[in-house]
Amino acid sequence: MGPANLLFLLLATATQLSVAQLLIHRTAKPSTVWINTAHSYGYYLDQVPVLTCYPQPQASSGFKPAITAGFLSLCVSDTCDVYLFAVFLVHVVDNSTRVADSPQVLWSANRNRPVREKATLEFSSDGNLVLRDADGSHVWSSNSSGRSVDGMVITEIGNLVLFDRRNATVWQSFDYPTDTMVPGQSLVEGMRLIASTSATNTTENQLYVTVLQDGLYAYVESTPPQLYFSYNSIISKVGNDPTKATFMNGSLSIVVRPDVNDSISLPAVKSTQYMRLDSDGHLRLYEWSTAGSTAVYDVMVINVCDYPTVCGEYGICSEGQCTCPLENGSSSTSFKLVDVRNPNLGCTPLIPISCREIQSHQLLTLTGVSYFDMNYKVVNATTEDDCKQACLKNCSCRAVIFRVGECVWLTKVFSLQSVQPGYSSAYLKVQLSPPISASTSNKKKILGATLGAIATTLALLLIAIILYLQRRRKYKEKGEEFYFDQLPGTPKRFSFENLNECTKGYSKKLGEGGFGSVFEGKIGEERVAVKRLEGARQGKKEFLAEVETIGSIEHINLVKLIGFCAEKSERLLVYEYMSRGSLDRWIYYRHNNAPLEWYTRYNIILDIAKGLCYLHEGCRRKIAHLDIKPQNILLDDNFNAKVADFGLCKLINRDQSKIMTVMRGTPGYLAPEWLTSRITEKVDVYSFGVVVMEIVCGRKNIDDSQPEENVQLINLLREKAQNSQLIDLIDKHSDDMISHQEEVIEMMKLAIWCLQNDSIQRPSMSTVIKVLEGVMSAETFEANSIMFVQDNPSTYSVPSQASILSGPR
Ligand SMILES: *[C@@H]1O[C@H](CO)[C@@H](O)[C@H](O)[C@H]1NC(C)=O
Ligand SMILES: *[C@@H]1O[C@H](CO)[C@@H](O)[C@H](O)[C@H]1NC(C)=O
Ligand SMILES: *[C@@H]1O[C@H](CO)[C@@H](O)[C@H](O)[C@H]1NC(C)=O
Ligand SMILES: *[C@@H]1O[C@H](CO)[C@@H](O)[C@H](O)[C@H]1NC(C)=O
Ligand SMILES: *[C@@H]1O[C@H](CO)[C@@H](O)[C@H](O)[C@H]1NC(C)=O
Ligand SMILES: *[C@@H]1O[C@H](CO)[C@@H](O)[C@H](O)[C@H]1NC(C)=O
Ligand SMILES: *[C@@H]1O[C@H](CO)[C@@H](O)[C@H](O)[C@H]1NC(C)=O
Ligand SMILES: *[C@@H]1O[C@H](CO)[C@@H](O)[C@H](O)[C@H]1NC(C)=O
Ligand SMILES: *[C@@H]1O[C@H](CO)[C@@H](O)[C@H](O)[C@H]1NC(C)=O
C-alpha cells in the first residue's frame with residue numbers, strides 16, 4: 001500500500017476534515033496498490049486519491065479546483081456500491097480531498113463495468129496498471145507491462161500518463177477517450193467519444209462522435225451506422241498526418257492537413273471547462289465552477305428533431321414533442337409507447353415483425369414524415385410504389401422514406417421527424433397478424449372443430465378486411481402521388497444528363513462564385529442559369545431541405561429557383577436567367593460601362609431592400625441571407641434587381657437569434673458580430689449598408705488601388721461623416737449623381753444607420769423601405785459611435801472555398 005493511501009486512511013478517520021492534511025502526489029512509482037476503501041462523506045463521493053494535480057497556483061486557501069485520479073462513487077444514496085476508477089474534476093478544500101460539489105468524470109477505466117468497495121488498482125512493478133474488482137476479477141488493464149515504465153503522472157489538463165525512463169509516454173488516457181474532452185485534448189482520426197446510457201449509468205450507448213479523414217462526424221450505431229451530424233472539410237487531404245479535432249478555449253479546431261484549420265467556434269469560457277457527448281447525443285460545452293456545472297453551448301447546431309434518439313425508436317418528433325406513428329386518417333394503432341409516462345423513450349410495434357410471416361407485412365403510410373439520415377441507403381427506385389415494393393420484398397428493411405424522388409431504406413428505425421406534408425413520406429413496416437407459434441397451433445388442435453369453424457370465419461373476415469384496407473390504401477396513395485407532383489412551388493428535379501444537355505456540356509460560363517460556377521442553359525425556350533456546386537460538403541438531406549426552402553420562396557426581388565439536381569456527389573441548382581448579370585459589373589467601372597443614373601441606383605437599392613425584407617419578415621420562418629454583396633445581386637433587362645444565391649441562407653427562428661458554428665460570408669461585407677458568433681438577420685442589414693455605400697460611391701468597400709488611407713470605404717465614411725464631408729464620397733463619374741447630392745447624402749445617412757456596430761441599433765429592412773419611400777427619415781447617429789470595423793481580412797480567415805450551400809445545422 002502506497003503512502004498516499006495510508007495518509008488517506010488517516011484522513012478518513014479524522015472527523016474534522018478541515019483540519020486534516022493530506023499530501024497528494026502528482027506522480028507515482030510502480031509497485032503500488034490502491035484499495036477502494038469506501039467511506040461515505042459528502043453527498044456522493046468517497047475516494048482514494050491516487051494522484052491529484054492543482055492546475056492553478058495554490059495561493060489562497062479555500063475551495064480549489066483539482067484534477068484527481070481515484071475511485072469515484074457513482075451513487076446518489078448511501079447504500080449503493082458502484083465505483084469507477086476515474087480521472088475527475090473536483091473542488092477540494094485546502095489540501096484535503098473533501099469534495100465541495102459534484103465531481104465531473106473526464107476519463108474512466110472500463111466504464112461498462114463499474115467496480116465495488118475493496119476493488120484494487122495495482123501499478124505493478126512491470127509497469128502495468130491493472131484494475132480488479134473486489135472479487136479479484138480483471139476489469140481493466142493498461143496493457144503496458146514489459147515496457148520499462150518508470151512512473152505515472154497526471155498532467156495539469158487531466159491526462160493520466162505512464163512514462164518510461166526517458167520521460168517518453170508509454171500509455172496515456174488521452175489515447176482512450178470516453179465521452180469527455182478537456183481543453184488541449186485532441187480526438188485523433190479513428191478515435192471516438194461514445195455517449196453513456198444516462199447520467200447515472202456509465203455504460204456506453206449507441207451514439208458516438210468520431211474523427212474521420214475529412215472531418216468530424218456523429219453517428220448512431222446500427223449496421224451500417226446512421227449519420228446525424230457532420231462537419232467536414234471540402235479541401236482534400238494530403239499526406240499521412242492523421243486528421244485531428246482539438247478542443248481549445250474558444251474553438252474546436254479540425255485540422256485535416258497542416259495548412260488547413262477548419263474550426264467550430266465556441267464561446268470562450270472563464271473558468272474550468274470540458275466538452276461531453278451526452279447520453280442524448282448532444283455534444284455540449286460545460287463550464288464548471290464551485291456553483292456547479294452548466295452547459296453553455298451545444299456544439300452541433302442542428303435541429304432538436306435531428307438527434308436520432310430524441311423520441312426513441314419509431315417516435316415522431318415535432319419540435320421536440322414525441323408521438324407514436326399513426327396512419328393518417330386512421331384510428332387503429334400499430335405502435336404503442338414504450339413507457340406511457342415518458343413518450344421520449346419511443347414506440348414499439350404492437351406485433352413484433354417476424355421474418356417467417358413475410359406475407360403479412362404491410363407498410364404503414366405516414367405523410368409529412370422524414371428522417372435525420374437521408375443519405376443512409378438509397379435504393380434504386382424512382383417511384384413511391386417501387387420504393388415500397390423493394391422494402392416489402394426484403395425482411396431486413398424496416399421502413400422506407402420517400403422524398404423528392406428518392407427512396408431511403410432503413411434496417412433500424414430511430415426517431416422520425418414530422419415535416420411539411422407533401423415533401424416526404426415514411427412507410428413503416430408492420431406485422432398484420434401475430435406469428436403462429438408452435439404452442440398456439442397445438443392448442444388449436446386440442447380445442448378442436450367447434451373453435452375451428454369460428455377461426456375459419458374469423459380468418460375469412462380478416463382477409464376481407466385486409467383486402468379492403470389494401471384497396472383503400474392503394475387508392476389513397478394514388479391521390480398522394482398526384483398531390484406530390486402537383487405541389488405548387490416545388491422545384492423540378494432534373495437529372496444530371498438533362499442539365500448537361502441543356503447547358504451544352506457546361507460550355508457557357510456566366511460567372512464563378514464561392515460555391516461553384518454558373519452556366520447558361522436553355523430548358524425548352526426558357527433561358528436559365530445553372531449553378532454547379534463544387535465540393536458541396538453537405539449531405540443530400542440538407543441539400544434537399546435547402547432546395548425546399550429556397551423553392552418555396554417567391555418574390556419579385558428574389559431570383560427564382562426553377563429546379564435542382566442531386567445525383568451522387570453532383571449538386572446543381574437551376575435559376576431564372578438574369579440578362580444583365582450581377583451588380584458588381586455595373587458599379588465599379590471595370591467593364592467600361594456608362595455610370596448609372598441616380599434614379600437607377602435608387603431603384604436598385606429599393607429592390608434589394610424589398611427582397612431582403614421579404615426574406616426577413618415575409619416568410620413563415622425568418623431567413624437570413626448571410627452573404628449580401630454586389631455579386632449576389634442580379635439585374636434584368638430593365639435594371640430591376642433581384643437578390644440571388646441563398647446558398648448561405650439560414651433559417652432563423654423568429655424572435656431568436658441563432659448561434660452559428662461556421663463563419664460564413666465575404667470579407668468586406670461581414671458584420672462585426674461574426675466575431676462573437678451571435679448571428680441574427682441584422683448581419684444582412686449591415687452588408688446592405690456596405691452595398692448601398694458601394695452603389696452611391698461607385699467603388700468597392702475594400703479597394704487596394706486607392707491610396708492607403710482610403711482603402712476602406714467604410715472607415716472613410718466614418719471620417720467624412722465626422723467632418724460633415726459626405727459630399728466627397730459621391731461617385732464622381734456621374735454628373736447626374738452630383739446633381740442629386742442631397743438625396744445621395746440622405747442615402748448615405750441611411751447606410752450609416754445600417755452600419756451600426758451594435759446590431760440592435762440597426763433598422764429592420766421594413767424600416768429601411770419606409771425611409772427609402774420617404775415615409776420616415778433615417779435616425780442620425782454620432783459618426784464616432786458607429787460601425788468602425790477592423791476589416792482586416794485576416795481576422796476573417798474564411799477561405800472562400802469554405803462557403804458551402806449550407807453548413808451543418
Ligand atoms: C498545502 O500543501 C502545500 C504543500 O504541499 C503547503 O505548502 C501548503 O501550505 C498547504 N496549504 C494549506 C492551506 O494547508
Ligand atoms: C488491453 O488488452 C485487452 C485484451 O487484448 C483489450 O481488450 C483492452 O482494450 C486493452 N486495454 C487497453 C487500455 O488498451
Ligand atoms: C522528466 O520530467 C520531469 C518533470 O517534467 C523532470 O524533472 C525530469 O528531469 C525529466 N527526466 C528526464 C530524464 O528527462
Ligand atoms: C446500464 O445500462 C445498460 C445498458 O442499457 C444496462 O444493461 C444496465 O443494466 C444498466 N445498469 C444499471 C446499473 O442500471
Ligand atoms: C490551427 O490549429 C492549431 C491547433 O490544432 C493551432 O495551433 C494553430 O494556431 C491554428 N492555426 C491557425 C492559422 O489558426
Ligand atoms: C478563454 O479565453 C478567454 C478570452 O480569450 C479568456 O478571457 C479566458 O480567461 C480563457 N479561459 C481560460 C480558462 O483560460
Ligand atoms: C392527412 O392529414 C392531414 C392533416 O392532418 C390532412 O390535411 C390530409 O388530408 C390527410 N391526408 C390523407 C390522405 O388522409
Ligand atoms: C435502376 O433501375 C432502372 C430501371 O428500373 C435501371 O434501368 C437501372 O439500370 C438501375 N440502376 C442501377 C444502378 O441499378
Ligand atoms: C436484404 O437486404 C440485405 C441488406 O440490407 C441484403 O444483405 C440481403 O441480400 C437482401 N436480401 C434479399 C433477398 O434481397
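One-based numbering, in listed order, for ligands and for the atoms of each.
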(message) Test your reading of the structure: does N249 have an N or O sitting under 3.5 Å from an N or O of ligand 6?
(response)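 Yes, there is a polar N/O contact under 3.5 Å.
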
(request) Would you please indicate if the ring centroids of Y83 and F71 are separated by under 6.0 Å? (result)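 Aromatic pair excluded; centres sit 6.0 Å or further apart.
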
Would you be so kind as to tabulate the donor-acceptor pairs closer than 3.5 Å made by side chains of residues 277-284, with sequence neighbours excluded?
{"from": "D278", "atom 1": "OD1", "to": "R276", "atom 2": "NE", "distance (Å)": "2.8"}
{"from": "D278", "atom 1": "OD1", "to": "R276", "atom 2": "NH2", "distance (Å)": "3.3"}
{"from": "D278", "atom 1": "OD1", "to": "Y286", "atom 2": "OH", "distance (Å)": "3.4"}
{"from": "D278", "atom 1": "OD2", "to": "R284", "atom 2": "NH1", "distance (Å)": "2.7"}
{"from": "D278", "atom 1": "OD2", "to": "Y286", "atom 2": "OH", "distance (Å)": "2.6"}
{"from": "D280", "atom 1": "OD1", "to": "H282", "atom 2": "N", "distance (Å)": "3.1"}
{"from": "D280", "atom 1": "OD1", "to": "R284", "atom 2": "NH1", "distance (Å)": "3.3"}
{"from": "D280", "atom 1": "OD2", "to": "R284", "atom 2": "NH1", "distance (Å)": "3.4"}
{"from": "D280", "atom 1": "OD2", "to": "R284", "atom 2": "NH2", "distance (Å)": "2.8"}
{"from": "H282", "atom 1": "ND1", "to": "D298", "atom 2": "OD1", "distance (Å)": "3.4"}
{"from": "H282", "atom 1": "ND1", "to": "D298", "atom 2": "OD2", "distance (Å)": "2.7"}
{"from": "H282", "atom 1": "ND1", "to": "Y307", "atom 2": "OH", "distance (Å)": "3.4"}

Just jot down the ligand 6 atoms closer than 4.0 angstrom to any heavy atom of [X], in number order.
X	result
A268	1 (C), 2 (O), 3 (C), 4 (C)
S271	13 (C)
K270	7 (O), 11 (N), 12 (C), 13 (C)

(request) Starting from atom 9 (O) of ligand 2, find the nearest protein heavy-atom neighbour and note its residue, name and distance. (result)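 Sorting protein heavy atoms by distance from atom 9 (O) of ligand 2 puts N143 ND2, 4.8 Å first.
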
(request) Among all protein heavy atoms, pick out the one at the shortest distance from atom 13 (C) of ligand 4; state its residue, atom name and that distance to 0.1 Å. (result)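 It is N201 ND2, 4.4 Å.
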
(message) Would S142 count as being in polar contact with ligand 2, using the rule that some N or O on each side must be under 3.5 angstrom apart?
(response)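 S142 vs ligand 2: no N/O contact under 3.5 Å.
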
(message) Using every non-hydrogen atom in the two residues, find where F88 and V105 come nearest and quote the distance to one decimal.
(response)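 Minimum heavy-atom contact is CB-CA, 3.9 Å.
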
(message) Could you go through Y371 and Q226, starting from their C-alpha distance and side-chain angles, then the distance that decides it, and tell me whether this counts as side-chain hydrogen bond (donor to acceptor under 3.5 Å, both in side chains)?
(response) CA-CA 11 Å; Y371 199 64; Q226 301 178 21; 2.6 Å; yes

(message) Are more than 12 heavy atoms, taken from residues, nucleotides or ligands other than E122, located less than 6.0 Å from that residue's CD atom?
(response)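 Enclosed.
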
(message) If we only consider heavy atoms of P183, is any one of them less than 4.0 Å away from an atom in ligand 6?
(response)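 No, that is not the case, since the closest heavy atom of the residue is not under 4.0 Å from the ligand.
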
(request) Determine whether the side chain, the backbone, both or neither of V269 has a heavy atom under 4.0 Å from any heavy atom of ligand 6. (result)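 Backbone only; the side chain of V269 stays clear of ligand 6.
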
(message) S144 vs S142, test: side-chain hydrogen bond (donor to acceptor under 3.5 Å, both in side chains). Steps then yes/no.
(response) CA-CA 5 Å; S144 53; S142 66; 2.8 Å; yes

(request) Considering only protein heavy atoms, determine whether one is less than 4.0 Å from atom 2 (O) of ligand 2. (result)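 Protein heavy atom within 4.0 Å of atom 2 (O) of ligand 2: present.
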
(request) Measure from atom 5 (O) of ligand 2 to the protein's non-hydrogen atoms and state whether any distance is below 4.0 Å. (result)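 When distances to the protein are checked, atom 5 (O) of ligand 2 has no heavy atom within 4.0 Å.
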
(request) For S141, take its heavy atoms, then give the atoms of ligand 2 lying under 4.0 Å from any of them. (result)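 In order of number, 11 (N), 12 (C), 13 (C).
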
(message) Which of the numbered atoms in ligand 2 are under 4.0 angstrom from any heavy atom belonging to Y176?
(response)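 Every atom of ligand 2 under 4.0 Å from some heavy atom of Y176: 14 (O).
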
(message) Side chains of T178 and T180: any donor to acceptor distance under 3.5 Å?
(response)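 Not at all, the side chains of T180 and T178 share no donor-acceptor pair under 3.5 Å.
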
(request) State, without any angle test, whether Q172 and N159 hold a side-chain donor-acceptor pair at a distance under 3.5 Å. (result)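 N159 and Q172 do have a side-chain donor-acceptor pair below 3.5 Å.
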
(request) Kindly state each residue pair satisfying salt bridge (charged side-chain N to carboxylate O under 4.0 Å, His left out) with at least one member in residues 193-205, sequence neighbours excluded. (result)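 For residues 193-205: R111-E204.
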
